[in-house]
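Residues take their numbers from the sequence shown, with the count starting at 1.
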Amino acid sequence: MKSINTLRATVVSAVLATGSAAWATDGYFPHGFGMKSKGMGGAAVAVTDNAFAGINNPAASVWAGNRADLGLDIFMPKRSAARSAPGFGGMLEGDVTSSGSAFAIPEFAYNTKIDDRRSWGVTVYGNGGMNTEFEGGNVMCMNPNNGQPYQGNLLCGQGKLGVDLMQLIIAPTFAYKLDAQHSLGVSPLVVVQQFSATGLDAFAGFSMAPSKVSNTGTDRSTGVGVRLGYLGQLSDSLKFGATYSPKIKMGKFDEYAGLFAGSGSFDIPENYALGVNVQVTPAVSVAADYSRVNYSGVLSIGNPMSNLMAGNPMGSPNGPGFGWSDVSVIKLGVQWQATPTMVLRAGYNQSTNPVKPENVTFNILAPGVIKQHYTVGGTYALSKDAEFTWAYMYAPKNTVTGPSMYNMQMGTTTITETVRMSQQSLGVQYSWKF
C-alpha cells in the first residue's frame with residue numbers, strides 16, 4: 001500500500017509540474033532544489049536532511065532516512081527590455097515589460113531505506129527554463145523589402161513576443177553505503193521538455209526553415225540522462241560531496257527546426273558540483289557548494305549571435321543561439337537549531353552572468369542575467385514525524401546593455417539594447433517521516 005501511495009503522489013506531482021511556469025536564475029537553472037536548500041542559497045551537495053537527493057546529490061539518499069517532501073514555490077520575476085536608436089526619429093525604439101508576475105512551481109521527493117546499506121527514492125522537479133511575453137504593436141519598425149514603416153513588437157514581428165521553455169525531470173535514485181563514512185549514488189533522469197515561441201516571424205527570412213521559426217504551437221521532446229554522486233563523512237564535523245551529470249541528448253523540437261541550431265536541437269547542458277558541510281557547533285552548521293553549468297556545450301544555447309552575420313542561417317548546424325557562456329556558481333548557507341523544534345537558515349548565491357553584451361538582441365527572449373541571490377528560511381517540527389519548511393529568495397536587478405543586430409539593417413553603430421531582470425520567490429514545504 002505504501003508503494004502505491006508513493007506512486008500516486010509522484011504521478012500527481014509530475015502532472016502539476018508540467019503545468020508550471022519556467023524561470024531563469026543561475027542561467028536558467030534554479031538557485032536550489034527543496035526548500036531547505038533554497039533557504040541556504042541553494043547549498044545542498046553535502047547536506048542529508050531532505051529527500052531531494054535525485055537532484056542535489058544521489059549519494060545523500062542513503063543518509064536521509066525514510067521521508068517525503070512536498071513543496072510549492074511562488075516565483076515572481078520581473079523581465080524587461082528596451083532599445084535606443086538615436087537619430088532615427090523614434091524608429092525601432094521601445095521599452096517593454098514581460099507580463100506574468102507570479103508562477104507556482106511544485107516539487108516532490110520521496111526516500112526510503114532498503115536496509116542499513118541501501119536506499120531508493122524518487123524526485124520530481126522542474127530543472128529550469130525561460131519565460132517571456134511582451135506585448136506587440138508598440139514599436140515602429142521598417143520593412144527591409146520596401147522601406148515602409150509598420151507597427152510591430154520589439155523584434156519587429158507581429159503580435160505578442162515571447163518564448164516559454166519548461167523542463168520536467170523524474171529522477172529515481174539508488175544509493176549504497178561503501179562503509180560507515182562513504183556512499184555512492186545514481187539517479188537515472190527521465191526528461192520531458194516543451195517549448196513555444198510567438199512574435200518571431202521577422203526572423204523567418206534568416207532561417208533555413210522559415211515556416212518553423214515562430215507561432216507553431218507547443219512542441220515537446222524527451223530524453224534520458226544520469227546523475228552520479230559521492231558523499232563522505234571525512235571527520236566528525238566535515239562532510240564532502242560531489243555530483244556530476246553529463247549533457248543530456250534531447251529529441252529535437254521539430255516545430256522549431258528553423259529557430260534552434262541543429263534543426264531544433266535543445267539539449268540539457270553538462271553540469272557538476274562540489275560541496276562541503278561543516279558542523280561548527282552542535283547547533284550551527286555551514287554549507288558551501290561550487291557548481292558549474294556548461295551552457296556553451298549546447299549549440300542552441302551557446303552559439304553566438306554573430307554566427308548569423310557569418311552566413312549561418314537560423315536552424316543550421318552552426319546557426320545562431322543565445323550566445324550564453326558557461327556559468328560558475330558559489331552557494332553559501334548557514335543553519336541554526338534555534339530551539340528543539342525550530343531551525344533557521346540564511347544563504348547567499350553568486351553566479352556569473354551567461355549573457356554577454358554582443359548577444360543582447362536574442363536575449364530579449366531569455367534575459368537570464370541574474371548574478372546574486374539572498375535567501376532566508378526555516379523549519380518548524382510539527383511533531384516527531386512531520387515538519388513545515390519555508391524559504392524566501394530575493395535576487396536584485398541586473399542589467400546588460402549591448403549593440404543591437406539592427407545596426408546592420410540601419411547602417412549604423414549607435415543602436416543599443418538593454419535587458420533587465422530581478423526576482424523574488426516564496427516557497428513552503430510539508431515533510432513527513434515514516
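Summarising the local packing, OH of Tyr380 is surrounded by 12 or fewer heavy atoms from other residues, nucleotides or ligands at distances under 6.0 Å.
A search for salt bridge (Lys or Arg N to Asp or Glu O under 4.0 Å) contacts involving Glu135 returns Lys160, not counting sequence neighbours. Shown here are the salt bridge (Lys or Arg N to Asp or Glu O under 4.0 Å) partners of Arg67, two or more places apart in sequence or in another chain: Asp69, Glu387. Residues meeting the ring-ring contact (aromatic ring centres under 6.0 Å, His included) test with Tyr374, sequence neighbours left out: Tyr348. Considering only residues two or more places apart in sequence or on other chains, Asp115 meets the salt bridge (Lys or Arg N to Asp or Glu O under 4.0 Å) condition with Arg118.
For the residue pair Asn111 / Ser61, a side-chain donor-acceptor distance below 3.5 Å is found, with atom types taken as modelled. Judged by distance alone, the side chains of Asn271 and Asn294 never bring a donor and an acceptor atom under 3.5 Å apart. For the 3.5 Å distance criterion, the side chains of Thr218 and Gln194 fail to qualify, holding no donor opposite an acceptor. Side-chain contact annotation: His182 with Tyr230, donor-acceptor N/O pair under 3.5 Å present. For Thr132 and Arg79, the side-chain atoms include no donor-acceptor pair closer than 3.5 Å. Side-chain contact annotation: Gln233 with Gln181, donor-acceptor N/O pair under 3.5 Å absent. Ser98 and Glu133 form no side-chain donor-acceptor contact under 3.5 Å, judged by distance and modelled atom types alone. Side-chain polar atoms of Tyr290 and Ser328 form a donor-acceptor pair below 3.5 angstrom. In the model, Ser214 has no side-chain atom that pairs as donor or acceptor with a side-chain atom of Asp201 under 3.5 Å.
Scanning both residues, Ile248 and Gly223, for their nearest heavy atoms gives CG2-C, 4.4 Å. The minimum heavy-atom distance between His31 and Lys331, with the atom names listed, is O-NZ, 3.4 Å. Among all heavy-atom pairs drawn from Thr173 and Ser187, the shortest one is OG1-OG, 2.8 Å. Nearest heavy-atom pair, Asn57 versus Gly229, reported as atom, atom and distance to 0.1 Å: OD1-CA, 3.2 Å. Closest of all the heavy-atom pairs between Asp26 and Pro30 is OD2-O, 3.9 Å. Residues Ala171 and Leu189 share a closest heavy-atom pair of CB-CD2, 3.6 Å.
Checking side-chain atoms of Ser316 against main-chain N and O of Pro313 turns up a donor-acceptor pair under 3.5 Å. Looking at Lys247, its side chain never comes within 3.5 Å of a backbone N or O of Asp267 through a donor-acceptor pair. With Ser119 contributing its side chain and Lys113 its backbone, the two residues share no donor-acceptor pair below 3.5 Å. Remark: side-chain polar atoms of Asn349 are not paired, donor with acceptor, to backbone N or O of Val329 under 3.5 angstrom. Between the side chain of Asp326 and the backbone N or O of Ser296 there is at least one donor-acceptor pair closer than 3.5 Å. Judged purely by atom type and a 3.5 angstrom limit, Ser300 uses its side chain to pair as donor or acceptor with the backbone of Ser265. At least one donor-acceptor pair closer than 3.5 Å links the side chain of Asn359 to the backbone N or O of Met305.
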Asp95 vs Arg420, salt bridge (charged side-chain N to carboxylate O under 4.0 Å, His left out): CA-CA, chis, key distance, verdict: CA-CA 11 Å; Asp95 195 326; Arg420 322 174 189 95; 3.2 Å; yes
Passes side-chain hydrogen bond (donor to acceptor under 3.5 Å, both in side chains), Ser80 versus Thr97? Steps please. CA-CA 4 Å; Ser80 62; Thr97 298; 4.9 Å; no
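A distance below 6.0 Å separates the ring centres of Trp120 and Tyr110. For Tyr430 and Trp432, the ring centers are positioned less than 6.0 Å apart.
Side-chain contact between Val428 and Ile74 is absent, with no heavy atoms from C-beta onward closer than 4.5 Å. For the pair Leu178 and Leu184, the minimum side-chain heavy-atom distance is below 4.5 Å.
Taking the charged nitrogens against the carboxylate oxygens, Lys177 and Asp116 have no contact shorter than 4.0 Å, which rules out a salt bridge.
Among the candidates Gln429, Arg345, Gln335, the single residue satisfying the side-chain hydrogen bond (donor to acceptor under 3.5 Å, both in side chains) test with Thr379 is Arg345.
A ring pair (Phe, Tyr, Trp, His ring centres under 6.0 Å) check over residues 240-271, counting only residues at least two apart or in different chains, returns the pairs Phe195-Phe253, Phe195-Tyr256, Phe195-Phe260, Phe260-Phe266. Residue pairs satisfying the ring pair (Phe, Tyr, Trp, His ring centres under 6.0 Å) criterion with at least one member in residues 46-69, sequence neighbours excluded, are absent.
Between Phe362 and Phe203, the ring planes lie perpendicular to each other; the angle is over 60°, past the 30° to 60° tilted range.
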